[in-house]
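Since the structure is predicted, the reported quantities are computational estimates derived from the model, not experimental observations. The sequence lines fix the lettering, A, B, ..., with proteins before strands; numbering per chain opens at 1.
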Protein chains: 2
Amino acid sequence: MIEILRQHIIDRLGNDVENIDDVLERCKQVKVKRNDIILREGETCSAVYFVAKGCLQVFVYNHDSAEITRDIVTENNWCSELVSFSSQQPATENIRAIEPSVLFSIDRVSFQALVESVPQFDKVYKQILEFSYVNSVYRINSFLSMNALERIKWLMEYRPNLMTRLSSKLIASYLGISPETFSRLKSKL
Amino acid sequence: MIEILRQHIIDRLGNDVENIDDVLERCKQVKVKRNDIILREGETCSAVYFVAKGCLQVFVYNHDSAEITRDIVTENNWCSELVSFSSQQPATENIRAIEPSVLFSIDRVSFQALVESVPQFDKVYKQILEFSYVNSVYRINSFLSMNALERIKWLMEYRPNLMTRLSSKLIASYLGISPETFSRLKSKL
DNA sequence: CCTGTGCATTGACAAATGTCAAGACTTTCC
DNA sequence: GGAAAGTCTTGACATTTGTCAATGCACAGG
C-alpha cells in the first residue's frame, strides 16, 4: 500500500527522487472504518494524511448542527486541517472517513523535519499547497457565479466520480444546497 | 516605499534575515491609477505583486458580463493569478486597481531564482501560500454556512475596513449578492 | 458651471431555494 | 430475520434573493 504513496511522490517530482525512503519511513499506515472520526473540532491537528484508499469528508457544523462539507478528499490526495496543523491551535473543522480507508499519516515533528531536511519533500508540500489553493479558488468562483443547477453540472464535469460515489445528502452539503433541492434539480438534468 | 516591503518580510521571518537585499533588488516599483488593469484574462500572468499602497480587485465576468469579485487585496498583501503564474497558461481572472496604488512586482524569472537561491524568500512564499489558502477556506465556509445577512456581518467583523473603503457595488459582488439585496440588508443591521 | 454617467436606494414582482411533513425504500445492527 | 434508523423523493408552502424599473444623488470631465 505504501507503494501508492511512493508513486504519488515520484509522479510529482519526476525521476530525480533521492531520500524518498526517508519520507516513507516517517509515514504511519492507518486503517479507518466508515464513519470513523479522524479529527474532531477543538482538538489540535497533529498530522497530515495521505489518502491511499477511500474517501474523507472535511466538515463543520452550522448553527442548526447540520453538517457543512468544506471538502471531499479521495485517493491520491492529501488531507489535513492546515490552520490547526500549522498554528497548533484547536481545529475548527472535523475530518471523517466516509468509506473504509487507508491513510498514511505524518505527524508534525516528522513533517517539520522532512520539510527542513529533504528538499524534495518541501517541493511536494508546496505543490500540495498550490493545488489546494487553486482548488479552493475554483470552489469560491463556483459559489459566486453559479446557481445550484450550474454547480451540480460543474461537479458532474469536474469531479464526476463523486456523483456516483457519495450519498445525495453529502453531495448536497458539499454543493451548499438542501437535499430536497438537490433531488429536485437532479431530475431536471 | 520599498521599506514597506522590507518591513513586511522582516515581520514574517523575524530578525534573522540575510539576503533580503537580493530580494528587494528584484522588485520593480509600479504605480497604477484607479481602474488600471494589471492583468487581463487571456494574458499570461508574468509576475506576483506586493501591494505597498492601495487596493486591488481580482475578478471574473459571469455569463451576463457582470463582475464577480473573487478577492480584494489591500496594503501589505501579495496578489497574483497563481494558476496562470505557475503554469504559464492564459489567466482566467482579471486584476484591477480600485484605488491609486503602489505595487512591487517580481517577474517569474526573478521569482524562480529567488525561490531557489534565497531560502528566506522560499519561506515567505510558503507563508503567503498558506495564508491565501486559509483565507479561501474561510471564504468557502462562509458561502456554505451563511446567508447574505450573515455574510455581511462576517465581513464587518473580519474585514471592517473594506466596508468603509469600497463601493457598495463592489462589496456586494465580493459577497456574492446583488447590489439591491445588499442595500436592503444593510438597513436591517 | 453644466452635463452626463454611474451609483445607491426603493418598490413591485418573479424566481430560486429552504423548510416541514409524509411515504417508500435501504441499510444497519442486534 | 426483523426492528429501527436513515435516505430519497415529492408536495405544499415560506423565505430569501434576484430582476427590472424609476428616482434622486454624487461626481468626473469638458
Side-chain angles (χ1 to χ4, degrees), chain A residues 32-37 54-55 57 59 61-69 72 96-101 140-156 162-189, chain B residues 32-37 55 57 59 61-69 72 96-100 140-156 162-189:
Chain A
V32 291
K33 293 199 292 285
R34 194 166 110 84
N35 289 326
D36 276 1
I37 296 289
C55 188
Q57 174 198 20
F59 67 102
Y61 295 100
N62 72 3
H63 30 57
D64 301 327
S65 306
E67 286 178 15
I68 302 298
T69 302
I72 300 284
R96 168 167 52 204
I98 53 185
E99 295 176 5
S101 305
I140 291 169
N141 276 331
S142 83
F143 287 117
L144 283 169
S145 65
M146 299 178 192
N147 63 23
L149 184 58
E150 290 167 329
R151 293 206 295 283
I152 294 173
K153 289 178 180 167
W154 179 80
L155 193 66
M156 289 172 60
L162 294 190
M163 292 293 288
T164 54
R165 193 168 175 177
L166 307 181
S167 70
S168 293
K169 193 187 169 194
L170 202 54
I171 297 173
S173 129
Y174 180 76
L175 290 172
I177 58 183
S178 69
E180 293 92 336
T181 295
F182 181 60
S183 174
R184 291 187 175 102
L185 292 178
K186 255 193 304 186
S187 66
K188 287 193 186 170
L189 285 174
Chain B
V32 291
K33 293 198 292 284
R34 194 164 107 87
N35 289 327
D36 276 1
I37 297 289
C55 188
Q57 174 198 18
F59 67 102
Y61 295 100
N62 71 4
H63 31 57
D64 300 328
S65 306
E67 286 177 16
I68 302 296
T69 301
I72 300 284
R96 167 167 52 204
I98 53 186
E99 294 176 5
I140 290 169
N141 276 330
S142 83
F143 287 118
L144 283 169
S145 65
M146 300 178 193
N147 63 23
L149 185 58
E150 290 167 329
R151 292 206 296 282
I152 293 172
K153 288 177 181 167
W154 179 79
L155 193 66
M156 288 172 60
L162 293 191
M163 292 293 287
T164 53
R165 191 167 175 178
L166 306 182
S167 70
S168 294
K169 193 187 167 193
L170 202 54
I171 297 173
S173 129
Y174 180 76
L175 291 172
I177 58 183
S178 69
E180 292 92 336
T181 296
F182 181 61
S183 174
R184 290 187 175 104
L185 292 178
K186 255 192 304 185
S187 66
K188 288 193 185 169
L189 286 174

Worksheet item: To the nearest Å, how far apart are B:L166 CG and C:dA8 P?
Response: 11 Å
Worksheet item: Atom CD1 of B:I98 and atom C1' of C:dC7: how far apart are they, to the nearest Å?
Response: 15 Å
Worksheet entry | Polar side-chain contact B:R184-D:dG18 base: donor and acceptor under 3.5 Å | no
Discussion item. Is A:S183 close enough to D:dC8 that one of its side-chain N or O atoms is under 4.0 Å from OP1 or OP2 there?
Written reply: no
Worksheet item: Which is true for A:S187 with a 4.0 Å heavy-atom rule: it touches a base, it touches only sugar-phosphate, or it touches nothing?
Response: nothing
Worksheet item: Do the side-chain N or O atoms of A:K186 get closer than 4.0 angstrom to the phosphate oxygens (OP1, OP2) of D:dC8?
Response: no
Worksheet item: Taking B:I152 as the fixed residue, which of B:I177, B:I171, B:T181 is the one that meets the side-chain contact (heavy atoms from CB on, under 4.5 Å) rule?
Response: B:I177
Worksheet item: Taking atom types as they are modelled, is there a donor-acceptor pair under 3.5 Å from the base of C:dC20 to the side chain of A:E180?
Response: yes
Worksheet entry | Rounded interatomic separation in angstrom, taking CG from B:L175 and P from D:dT16 | 17 Å
Discussion item. Between C1' on C:dT26 and NZ on A:K169, what's the gap in Å once rounded to a whole number?
Written reply: 14 Å
Item to complete: Could you state the atom-to-atom distance from CG of B:N62 to P of D:dG18 in whole Å?
Response: 12 Å
Discussion item. Does A:K169 have more than 12 heavy atoms from other residues, nucleotides or ligands lying within 6.0 Å of its NZ?
Written reply: no
Worksheet item: With respect to the side chain of B:S168, which nucleotide from C:dT17, D:dT16, C:dA8 is positioned closest?
Response: C:dA8
Fill in: Minimum-distance nucleotide (side-chain atoms of B:T181 versus C:dG18, D:dT10, D:dG18)
D:dG18
Worksheet item: Any idea which of D:dC8, D:dT19, C:dG18 is nearest the A:S178 side chain?
Response: C:dG18
Worksheet item: How far apart are the C-alpha atoms of A:Y174 and A:L166, what are their side-chain angles, what is the distance that settles it, and do they pass the side chain to side chain contact (heavy atoms under 4.5 Å, CB included) test?
Response: CA-CA 10 Å; A:Y174 180 76; A:L166 307 181; 5.9 Å; no
Worksheet item: What integer distance in Å separates B:F182:CZ from C:dT9:P?
Response: 8 Å
Worksheet item: With side chains defined as the heavy atoms from C-beta onward, is the minimum distance between A:P100 and A:K33 less than 4.5 Å?
Response: no
Discussion item. Applying a 4.0 Å non-hydrogen cut-off, can you work out what A:R34 is touching in the nucleic acid: base, sugar-phosphate, or nothing?
Written reply: sugar-phosphate
Discussion item. Just the rounded figure in Å: distance from P of C:dT17 to CG of A:L149.
Written reply: 8 Å
Discussion item. Between C1' on C:dG18 and CD on B:E150, what's the gap in Å once rounded to a whole number?
Written reply: 13 Å
Discussion item. If you define the side chain from C-beta out and look only at heavy atoms, does anything of A:L189 sit under 4.5 Å from A:L149?
Written reply: yes
